[in-house]
Amino acid sequence: MVIFAETTDMLTQEEKDFIVYWEANRLKQKKLGRQWLIGLPIGLLFSIPILINYATPWHKRANMVAGSSFNPLVLIFAVLLIISFVAIFHNKLKWEKHEQKYLELKAKEKQ
């Protein structure tokens with residue numbers, strides 16, 4: 001009985017397409033401004049609940065304290081900071097994952 005082993009060195013068409021795509025787009029997607037713009041919806045997902053929590057008077061005492069000694073510029077600055085951090089961090093992590101996959105496929109291709 002003869003068993004033919006499938007070679008794992010061959011790249012699938014999907015992997016080849018990814019290599020072509022990533023070679024064309026890796027530098028464009030590494031730019032900080034692009035990462036920020038693409039990640040804005042994810043950042044908003046983290047910051048909108050904070051704004052909703054502040055806007056709804058879920059606790060009377062907390063609402064009185066927040067209303068008496070609160071500077072809205074601090075909230076706006078904090079929300080913008082959270083949006084920016086999450087947006088950039090998410091896209092940098094995604095870029096690193098794609099880069100790692102690209103390097104692994106290129107090493108596999110050379111074998």
Considering all heavy atoms, the nearest Leu51-Val79 contact: CD2-CG2, 3.8 Å
Salt-bridge criterion met for Lys16 and Glu109 (N-O under 4.0 Å): no
Single-linkage hydrophobic cluster Val86~Leu45, side-chain heavy atoms < 4.5 angstrom: no
Contact check, side chains of Arg34 and Lys28, non-hydrogen atoms, under 4.5 Å: yes
Connected-component partners of Met64 among ILVMFWY, side-chain separation under 4.5 Å: none
Check against side-chain contact (heavy atoms from CB on, under 4.5 Å), Asn91 and Ile42: CA-CA 10 Å; Asn91 278 317; Ile42 303 262; over 6 Å; no
Within 6.0 angstrom of Gln13 CD, more than 12 heavy atoms from elsewhere: yes
Heavy-atom check, side chain of Thr12 versus side chain of Asp17, under 4.5 Å: no
Pairwise distance CG(Leu32) to NZ(Lys92) - rounded to 0.5 angstrom: 5.5 Å
Nearest-0.5 Å distance that lies between atom NZ in Lys94 and atom CZ in Phe89: 14.0 Å
By side chain to side chain donor-acceptor pair (under 3.5 Å) - contacts of Tyr21 (at least two apart): Gln29
Cluster overlap Trp22 with Ile38, hydrophobic side-chain contacts below 4.5 Å: no
For the student: nearest non-hydrogen atoms of Trp36 and Ala87, plus distance: O-CB, 3.8 Å
Charged N-O contact under 4.0 Å between Glu23 and Lys106: yes
Path from Leu40 to Ile52 over hydrophobic side-chain contacts below 4.5 Å: yes
Approximate separation, where rounding is to 0.5 Å, of Ser47 OG and Leu81 CG: 11.0 Å
Distance (rounded to the nearest 0.5 Å) between Asn53 CG and Ile50 CD1: 8.5 Å
Same cluster (ILVMFWY, side-chain, under 4.5 Å), Phe85 and Ile76: no
Considering all heavy atoms, the nearest Tyr102-Arg26 contact: CE2-NH1, 3.4 Å
Steps toward side-chain contact (heavy atoms from CB on, under 4.5 Å) verdict (Leu75, Tyr54): CA-CA 9 Å; Leu75 179 65; Tyr54 179 73; 3.8 Å; yes
Glu15 CD to Leu105 CG distance, which is reported to the nearest 0.5 Å: 5.0 Å
Those residues that, when tested against Lys101, pass side chain to side chain donor-acceptor pair (under 3.5 Å) (two or more places apart): none
Derivation and outcome, side-chain hydrogen bond (donor to acceptor under 3.5 Å, both in side chains), residues Gln100 and Glu96: CA-CA 6 Å; Gln100 180 68 32; Glu96 287 291 331; over 6 Å; no
Gap separating the CG atom of Leu93 from the CD1 atom of Ile88, nearest 0.5 angstrom: 13.5 Å
